[in-house]
Number of protein chains: 2
Amino acid sequence: MPETTAPSATFSPLYQQIKALLLNSLQSGEWQPGDPIPSEMELAARYEVSQGTVRKAVDELATENLLIRQQGKGTFVASHHSEAWQYRFFSLMPDSGKKAPLKSHFLSCNQSKAAAKIAALLKLTASDSVIQIDRLQSVAGQVTVFEQIWLPQQRFNGMTLEHLESWPGPLYAFYESEFATHMVRAEEKIKAIAAEATIAKHLKLEPGSPLLLVERISYTYGNKPVEIRRAHYNTQQQHYENKLN
Amino acid sequence: MPETTAPSATFSPLYQQIKALLLNSLQSGEWQPGDPIPSEMELAARYEVSQGTVRKAVDELATENLLIRQQGKGTFVASHHSEAWQYRFFSLMPDSGKKAPLKSHFLSCNQSKAAAKIAALLKLTASDSVIQIDRLQSVAGQVTVFEQIWLPQQRFNGMTLEHLESWPGPLYAFYESEFATHMVRAEEKIKAIAAEATIAKHLKLEPGSPLLLVERISYTYGNKPVEIRRAHYNTQQQHYENKLN
DNA sequence: CAGTGGTCTAGACCACTTC
DNA sequence: AAGTGGTCTAGACCACTGC
């Protein structure tokens, strides 16, 4: 007499296994950001499954924004270099509606032992080093953002202030090209706080002015946290936009 | 010799047409929130397409959170009454991590002509009336939210303060049961502001304290805006949480 | 015209729920 | 055992891109 309650606690459909294999190829760098992955027919042959099964695996990775499908052309590894991704994770919009471009001004880029809080968030040990970047961002000539960024030193080894200042595009494109680190998702915690003196000075505001504090953890492939941000937004002319579905 | 560039600007796949039909049935109230919709086989027969085509249409509505699939049981119309949806659209979390339940205290519920701004957001004309609700919300005995809500009078006809006070659950469940209005999605704009005197008093804070201002537009079926909220959050013990994918 | 992703079908079988 | 959603296949055809 067989068991009455089937085990099956570990049932995993084929397409999920294919998805895991595709993820491996992305994580290992077999396919680089911006590059096309093999066609569905080729993948089906490689993994010895039907095209429909590959399709479902790719579909999920596409809705997770790891892959980009383009009918007639192919399926591509998502990249922060593409036009459409410039504002990937950037939710601040002008109240007026017209987007003005952002301008970065880097203040510093230093290396040190990780503070306990930062080490915990990045899942580092107390002996590991981190790189800290401070910068300002301006919208339409107005200083709007003061931002502190922490990165694991090991992954971003060799980053310097000069290096940052000579990079023309967004930071995430910089990480991708120069440090082979592509960001996949992020989590943010938001508060309203009163500006401290030093930050108020940077943003040309009175101390005590209300600021939006945005703390972000960004993850690369495999749910690995690789960047901490602590940003202060002046939201007098801007607002943080969010869609709830 | 046929045209070189095919027209086809209006090509719409079958499953999209099925999706539109399903949406009609939801919007018309043929299937009520919480109820099961017909099985995939029945729908396939009704629309004279294959099960796979129905499936793809239902899949999209499920990922848009309009339908809920449950293997072995059926597919159900999403409802704000279900446990899992209590915190639909509510992004405020205690810093400590443990969720405490919310308690509502309604201050007023009045009817008046719509102000120009509100009328525009709700897509009403200047002669239309709106209902305005003011309320406070407390977390763990602490007054945390002051909220103003505007609703089109026509759709929410007959709402009173007593009515609101006697309702035990979340507002969106109230709208759903009492006014046949199910919310499908929402958009929020967030700023940090200094508390005005009257609001500070409600939240038991000093005037000028930093508050999170959250302005929300909620939509029902057919992208129809039917609720405006203007909420002030005290984020000393709480934060607004957001996941970027 | 060939190659890519996108749609649609029909049928078989699996996993889960309910009776 | 019957009914539901979930997976997988094989094959045909469509829409779009680029050569």
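Chain identifiers are assigned alphabetically (A, B, ...) following the order of the sequence lines, protein sequences preceding nucleic acid strands; residue numbering begins at 1 within each chain.
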Exercise. Does E30(A) have any salt bridge (Lys or Arg N to Asp or Glu O under 4.0 Å) partners at least two apart in sequence or in another chain, and if so, which?
Worked result: R46(A)
Problem set entry | Between C1' of dT9(C) and OH of Y15(B), the distance in whole Å | 16 Å
Exercise. Of the residues in residues 36-52 of chain B, which ones touch DNA chain C at a heavy-atom distance under 4.0 Å?
Worked result: V49(B), S50(B)
Exercise. When you check the gap from the basic side-chain N to the acidic O, do K19(B) and E64(B) get nearer than 4.0 Å?
Worked result: yes
Seminar exercise, completed: side chain to side chain donor-acceptor pair (under 3.5 Å) test vs Y172(A) passes for just one of E227(A), H182(A), Q86(A), namely E227(A)
Exercise. dG6(C) C1' sits how many Å from E60(B) CD, rounded?
Worked result: 12 Å
Problem set entry | D95(A)/K189(B) ion pair, N-O < 4.0 Å | no
For this session: Could you check how far CG of L14(B) sits from C1' of dC14(D), rounded to whole Å?
Result: 12 Å
Seminar exercise, completed: Sorted by number, residues from residues 61-71 of chain A placing a heavy atom under 4.0 Å from DNA chain C are R69(A), Q70(A), Q71(A)
Problem set entry | Distance, rounded to the nearest Å, where Q16(A) contributes CD and dA15(C) contributes C1' | 15 Å
Exercise. So does K56(B) get a side-chain nitrogen or oxygen closer than 4.0 Å to the phosphate oxygens (OP1/OP2) of dC8(C)?
Worked result: no
For this session: For dG5(C), take OP1 and OP2 only and decide whether either is under 4.0 Å from a side-chain N or O of R55(A).
Result: no
For this session: Inspect the contact between R229(B) and E147(B) and indicate whether a charged nitrogen and a carboxylate oxygen are less than 4.0 angstrom apart.
Result: yes
Seminar exercise, completed: Looking only at dG6(D), dT18(C), dT7(C), the nucleotide nearest the K73(B) side chain is dT18(C)
Problem set entry | K56(A): partners by side-chain contact (heavy atoms from CB on, under 4.5 Å), with sequence neighbours left out | Y15(A)
For this session: Quickly work out the K19(B) NZ to dT7(C) C1' distance and round it to whole Å.
Result: 15 Å
For this session: Using whole Å, report how far CZ of F11(B) lies from P of dT17(D).
Result: 13 Å
Problem set entry | Partners passing side-chain hydrogen bond (donor to acceptor under 3.5 Å, both in side chains) against Q238(A) (at least two apart in sequence or in another chain) | none
Taking distance alone, no hydrogens or angles, what donor-acceptor pairs closer than 3.5 Å link side-chain atoms of residues 72-80 of chain B to residues at least two apart or in another chain?
unit_1: S79(B); atom_1: OG; unit_2: H81(B); atom_2: N; d: 3.0
unit_1: S79(B); atom_1: OG; unit_2: E176(B); atom_2: OE2; d: 2.6
unit_1: H80(B); atom_1: NE2; unit_2: M183(B); atom_2: O; d: 3.0

Problem set entry | Distance test, side-chain N/O of T53(B) to OP1/OP2 of dT7(C), below 4.0 Å | no
Exercise. With a cut-off of under 6.0 Å to the ring centre and 45° to the axis, is K191(A) in cation-pi contact with Y240(B)?
Worked result: no
Seminar exercise, completed: Of the candidates dC8(D), dG5(D), dG5(C), the side chain of T75(B) sits closest to dG5(D)
